[in-house]
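First comes the structure, then the notes that go with it.
Below, chain A is the first sequence line, B the second, and so on; all start at residue 1.
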Amino acid sequence: MNVISNHTINATIALAALEEVLDPEIGLNVVDLGLIRQLDFDEPNKRIFVSMTLTTQFCPMGETLTGAVKRVLQRTFGDVEINVHLCFDPPWTPDRISEQGRSFLNQ
Amino acid sequence: MSNGFPKAEFRNTPAAVVVPFYLYAAAGFLVCTILLLLSAGSFTLHFFNPAVLAITHVMALGWGTMIILGASYQLLPVLTERSLWSFKLAQWSFVLAAVGIPLLVYGFYTFNMGWPAKWGGRLVLISVLLYLINIVKSSRTGKKINVHACFMATAAGWLFITAFFGLALVYNFTWPFLPKDILAYLPLHAHAGLLGWFLLLIFGVGSRLIPMFLISKHEDKKRLWIIFGLVNGGLLFFLFSFYLNDKYAVIVPAMMIGTALLLFAGYIYKVWKSRIRKKVDQPMRVSLLSVAMMLVPLCCLLIASAWWISSKHQAQMVLLYGFIILFGWLTSIILGMTFKTLPFIIWNNCYHDKAGVVKTPDPKELMSATLFKWMALCYLPGFVLFSAGILLEQLVLLKSGAGALIGAALLYNLNVIKVWLHKPVV
């Protein structure tokens, strides 16, 4: 999946939840699309840091996707502060799409 | 909570700015097809007649330009990597064009170059100027030169030249100041619009959006710069050839534009071959059809320039050339791209704060695939029949073609209205 995290178990839970967030144009979830880059959990301070990207910078769906990621994580982990950071360096390329994602797009 | 966007100033262009352009263009397309039916007989005459002039301007301005203005206000941030400079200016460009286009078309239809045509032309010119300012201001990123933004800004520049020259031609009817007959200037006005505006813009936007929609890794900026140079160079050479007064001087710019078309078709073919998304939806297929259709007008132009063609058949080929560009190439890309963009604009407006909370419908579900299929089934035979009618000078073919195109326009309008009136279901 190529996602960096400081907490394997929480990251697995988070990624499973984030599979609900679909890119509306492609119909593929943000995890298999390779948009999620890093998930860090600061448990003492109840904070989650998400580093993600978009298929293109200034994607018209960008705010919708980052908002959905926040809402899904909030629902999954309860009373925590979610910080979503967009990172475009390096830019997203189709190489980041997972094998499952590729089979979905090949259908 | 962080909003996730490193550049706080970035804002999507609101749907309220963009959607009126789509609705106006849809109505323009319907009006145009009705005019085709009412004036079918005009397509057996020389192309310089009131009905053909009126239809050409509804198609070029009311349909093609209006929808492209709206779509480019929406897509500009994707291409130039910054927000649109002014939403207010975009809205004013709509209002001015929306009032100016019917006045101008009325002037042509009645062949009255008095105040309606003049005011129509003035309002359209001001609208285009506002668009040009907005695009240039939004494209100045201060970063490295973006090829797609260059295509877009240059296309806007050519649109301004086209509108300015068009207004000058309208004034020339009242106060003749141009040394040659007005017919001699029409190719300059028409090609500044068709190649400088439509072709450059569609190349610039298509080269960015088609790989995005197909999820292709293919990228070839060098080829895009060559295409940019060939189209602009070809167009400048065409303007220059006007002063050479040599019929064959048109061959050089035609070859330059032809090479650009082939290079672009090759670019799209490579994008297609390297795509990850194998399943291609209906709107995308119709858009890709337009890439193949680009080469047909070039064949018409070459036949029209051939030495063995009589002047009567030459005028027929010119009429067919214009029809194929406006109703074939341009219309097919718009029919397809409308439903690749409008449902997402409306979806984003309805569900941007609901995604991830509740299950939302798929944006594609906002349009009707059945209406789209029937629209395509009316459009293709309508286009072929009307083209055959121009070539064979057969009124029955022209009328049946126009009838099928009215069907396509009605179905297109119904689908656009269905998407526009969508209410959030969750």
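No more than 12 heavy atoms of other residues, nucleotides or ligands sit less than 6.0 Å from atom NZ of B/Lys88. The number of heavy-atom neighbours closer than 6.0 Å to CG of B/Leu421, taken from other residues, nucleotides and ligands shown, is above 12.
Contact of B/Thr13 with chain A is not made at all, since no heavy-atom distance falls under 4.5 Å. Using a 4.5 Å cut-off between heavy atoms, A/Ile26 contacts chain B through both its backbone and its side chain. Contact of B/Arg275 with chain A is not made at all, since no heavy-atom distance falls under 4.5 Å.
Highest contact tally toward chain B, considering only A/Thr55, A/Val21, A/Asp95, is held by A/Asp95 [criterion: heavy-atom pairs under 4.5 Å]. Comparing A/Arg75, A/Arg47, A/Met61, A/Arg102 by heavy-atom pairs within less than 4.5 Å of chain B, the highest count is held by A/Met61. No other option in B/Lys217, B/Lys340, B/Lys364 has as many heavy-atom pairs under 4.5 Å with chain A as B/Lys217.
Residues A/Pro60 and B/Asn348 approach most closely at O-ND2, 2.8 Å, considering heavy atoms. A pairwise comparison of heavy atoms in A/Thr64 and B/His352 identifies OG1-CB, 3.3 Å as the closest pair.
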Could you walk me through whether A/Ile97 and B/Ile215 pass side-chain contact (heavy atoms from CB on, under 4.5 Å), step by step? CA-CA 10 Å; A/Ile97 300 176; B/Ile215 314 180; 3.9 Å; yes
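Atoms CD and CE, on A/Glu25 and B/Met212 in that order, are 7.5 Å from each other to the nearest 0.5 Å. Taken to the nearest 0.5 Å, the CG atom of A/Asn106 stands 12.0 Å off from the CZ atom of B/Arg277.
Side-chain N or O atoms of B/Asp362 include none that pairs as donor or acceptor with a backbone N or O of A/Gly27 at under 3.5 Å.
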